[in-house]
There are 2 protein chains.
Amino acid sequence: MNIGEIARRAGVSRSTVSYALSGKRPVSEETRRKIQRVVDELGYRPSASARALANGRTSTLGLVFPPAGNHYTGMQLDFIGSVVEAAAAYDYDVLLSPSGVDSDRSFQRLLGERRVDGAILMEIRLEDDRVDHLSALAFPSVAIGRTARPEGAWWVGLDHTALVERCVHHLADLGHRRIAFVNRPEQLLRTGYESAHRGLEGFTKAAAERGLTVRTYCCGDDADSGQTCVERILHDDPATTALVTLNEAALGGLYRGLARAGRHVPRDFSVTGVVAGRWAETVTPQLTAADVPAAEMGRLAVDLLVERLDHPDAPPRHHLLTPPISLRASTGPAGARPDTDTGTDTAR
Amino acid sequence: MNIGEIARRAGVSRSTVSYALSGKRPVSEETRRKIQRVVDELGYRPSASARALANGRTSTLGLVFPPAGNHYTGMQLDFIGSVVEAAAAYDYDVLLSPSGVDSDRSFQRLLGERRVDGAILMEIRLEDDRVDHLSALAFPSVAIGRTARPEGAWWVGLDHTALVERCVHHLADLGHRRIAFVNRPEQLLRTGYESAHRGLEGFTKAAAERGLTVRTYCCGDDADSGQTCVERILHDDPATTALVTLNEAALGGLYRGLARAGRHVPRDFSVTGVVAGRWAETVTPQLTAADVPAAEMGRLAVDLLVERLDHPDAPPRHHLLTPPISLRASTGPAGARPDTDTGTDTAR
DNA sequence: CACTTCACGCGAACCGGTTCGACAACCGAT
DNA sequence: ATCGGTTGTCGAACCGGTTCGCGTGAAGTG
């Protein structure tokens, strides 16, 4: 079942078999066919380990995703799926690595033991040890997300700042003056998670530009937290008429909280944000949102990484995406119900 | 950076370095420390490819998941995440393979090129080529799901039949007499997808036992399809008062369809089914459902596979799980609103 | 003091491919 | 007949580990 066996049966040398299969040197049509027949008969396939050892390439990409214990969001699934598919199109396999903090065990495995030719990093933080580490090593990698100083790096990212700004402007245009921002969990914000930071930045900036009264909240990645968060928002400022969120996992809970408080979406309360399209369509009314093009981002990341692998000294490239806001049904003009009705919640 | 380099610097032979690091033969404390110092200084890590070639084990598990183009569900994400985590605990990496149909390219890569020591299969069909193929090859694998004849195989599965039966009984106990079943997409049912079949079987059986009037539907894996499906259900039999579903991606759409038709959950209409707990808690009212313990299943699958790898001729084992129904808020007694009100939908 | 025993370390072979340099056979051109 | 250039094939070295068998020096024993 190894190349020697094939060579013996075909009556040629091992190197000839190798050349016949790889085509890296001409082989006469006759011996090529002879070899091919033996290969087909035995169903021979060259061992990936041996090949990797010999030519130093594993044909495998590493996909580094967030630390264990975190909730996984739907977006992450879309990244994973699209990365795997895109990689397969280039004849690469994908090795999953549950790495979070820098220099942890499985991260070491990928690089130190040379299991992968390149890596794609998810869940980027503004100051990211992993990115620094990889770039110091000049190890081919592409980040899905963008650090504080992304110059000279390879990445594909979403312009969360601009997207959230647009959401705020959209709401302001509709007449909303008191808006809340529902961010990802505080722990993520504290550790410098990119989208949480840039989203917040965009929110603050746009709110200032429009002179809005705003509050910002962190919210756990689950429905219950979303519900609690809405309770806090309406308690802190019952006159709030809209919110912007990045937290797709909490979305259902946000809606529930609003319903419980007797706020009808979009009549008395508008909701918008940046979430995957699939989630935006799951809630009722469907969410007006900038749809995260996760599948496209995964594909682009693989494209970049493969390019970087094929041309080791190509200049750094990146893609910054700014998908448009999809108008659905969760936002509407402010003041359909007068602002005066703010004393107590109408429902328990 | 290879073992020869370490040996040279430590002034010993390559084999001694190998033994010192693996501990497979005793090495004097002194030389061991000498070697360890050099290793630490240079940050040496043995090449995975070379090791794999030498000892025939890749320390990698394959995770075979559904064909491209499918929507991925939240459940699948939970499987992937828990498998990766559990594998890491055993010092295995996980290689993702987007294989669907049998003997397709990437499936061949995993096995033919010996990239993995064992495989975990997801999205099992009752007659599954991949399972047959692997068991014919005696290749170590564990299925998440159970074929029509699972005897002698390694798997971890959910007793969809029993779970859906329980859902039906739960509804029947509440007085519901006309119940619909919302299955996964027709294409999955047609190709023999396990959960769709067994779920349907359990539904039919329990409905017969309780003498219920039922209809069964297939529904696409997205919110819009869910909404459309509810419209069909209420059109086909406006007296329907409850539904059971396996389709978590459609859940939001089902709720929307009911709301649009003016049916309040759970006052005029009960909903239940088998979905991941996270999803059940996202909708409002929260879904009374048998929560799919996806994370546990992934972990168990890895446990089984590792056991099988460590003891090549251990007898086949499996786990059939039957999680309890979590009572939440989406089911209630039938007839809170009289059955007579069935002429036309009250809302558009 | 010679004789086993044991702990330790070494060299060589091997895993299964790839790749380089050499060489033989054949071609047409001088 | 000789020479230069192809074309097709082979042998050997190499990738970076693991593992087996053997040799050696020190310790233990009668």
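Chain naming here is simple, since letters A, B, ... match the order of the sequence lines and numbering starts at 1 in each.
Checked against D:dC20, D:dG17, C:dC20, the side chain of A:Arg25 finds its nearest nucleotide in C:dC20. The side chain of A:Thr16 lies closest to D:dT9, out of C:dG17, D:dT18, D:dT9. The listed nucleotides are C:dG16, C:dT18, D:dG16; the one nearest the side chain of A:Ala50 is C:dG16.
Interatomic distance, B:Glu5 CD to B:Arg14 CZ, rounded to the nearest 0.5 Å: 12.5 Å. For the atom pair B:Thr191 OG1 and B:Asp128 CG, the distance stands at 9.5 Å (nearest 0.5 Å). Interatomic distance, A:Ile35 CD1 to A:Arg33 CZ, rounded to the nearest 0.5 Å: 12.0 Å.
The closest donor-acceptor contact from the side chain of B:Ser97 to the backbone of B:Val64 lies at 3.5 Å or more, if one exists at all. Distance alone, capped at 3.5 Å, places no donor-acceptor pair between the A:Arg45 side chain and the A:Gly43 backbone.
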Check against side chain to side chain donor-acceptor pair (under 3.5 Å), B:Asp117 and B:Thr58: CA-CA 6 Å; B:Asp117 297 336; B:Thr58 59; 2.9 Å; yes

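The CE-C1' distance, from B:Met1 to D:dC15, rounds to 14 Å in whole Å. Residue B:Lys34 contributes atom NZ, which lies 13 Å from atom P of C:dC8 at whole-angstrom precision. Summarising the geometry, the separation between CD1 on A:Ile35 and C1' on D:dC10 is reported as 12 Å, rounded to the nearest angstrom. Taking atom CD1 on A:Ile6 and atom C1' on C:dG17, their separation rounds to 12 Å, with Å as the unit. Atoms CZ (A:Arg115) and P (D:dG16) sit 16 Å apart, rounded to a whole Å. One can place CG of B:Asn55 at 14 Å from C1' of C:dG16, the figure rounded to the nearest angstrom. Regarding B:Arg33, its CZ atom lies at a distance of 13 Å from the P atom of C:dC8, rounded to whole Å. As a whole-Å value, the separation of A:Arg8 CZ from D:dT9 P is 19 Å.
Distances shown here put a side-chain N or O of B:Lys24 below 4.0 Å from the OP1 or OP2 atom of D:dT19. Between D:dG8 and A:Ser28, no contact under 4.0 Å exists linking OP1 or OP2 to a side-chain N or O. Between B:Ser15 and D:dC20 there is no side-chain N or O to OP1 or OP2 distance below 4.0 Å. At the phosphate of D:dG17, OP1 or OP2 sits under 4.0 Å from a side-chain N or O atom of B:Tyr44. At D:dT18, one or more side-chain N or O atoms of B:Arg51 fall inside 4.0 Å of OP1 or OP2 (strictly under the cut-off). The phosphate of D:dT18 has neither OP1 nor OP2 within less than 4.0 Å of any side-chain N or O from B:Arg14.
Mapped onto DNA chain C by nearest heavy atom, A:Tyr19 and A:Asn2 fall at different nucleotides, with A:Asn2 at the one closer to the 5' end. When each of B:Pro26 and B:Leu53 is assigned the nucleotide of DNA chain C with its nearest heavy atom, B:Pro26 is the one assigned upstream, toward the 5' end.
Residue contacts for A:Ser18: at a heavy-atom cut-off of 4.0 Å it reaches a base atom on one of the strands shown. Among the atoms of the strands shown, base atoms are found under 4.0 Å from some heavy atom of A:Ser13. Residue contacts for A:Thr31: at a heavy-atom cut-off of 4.0 Å it reaches the sugar-phosphate backbone alone, with no base atom in range.
The number of heavy-atom neighbours closer than 6.0 Å to CD of B:Glu30, taken from other residues, nucleotides and ligands shown, is 12 or below.
For the helix from C:dC1-D:dG30 to C:dT30-D:dA1, the rotation axes defined at the first and last 5 base pairs enclose an angle of 50°, given to the nearest 10°.
For A:Glu307, the side-chain hydrogen bond (donor to acceptor under 3.5 Å, both in side chains) test picks out A:Arg317, with sequence neighbours left out.
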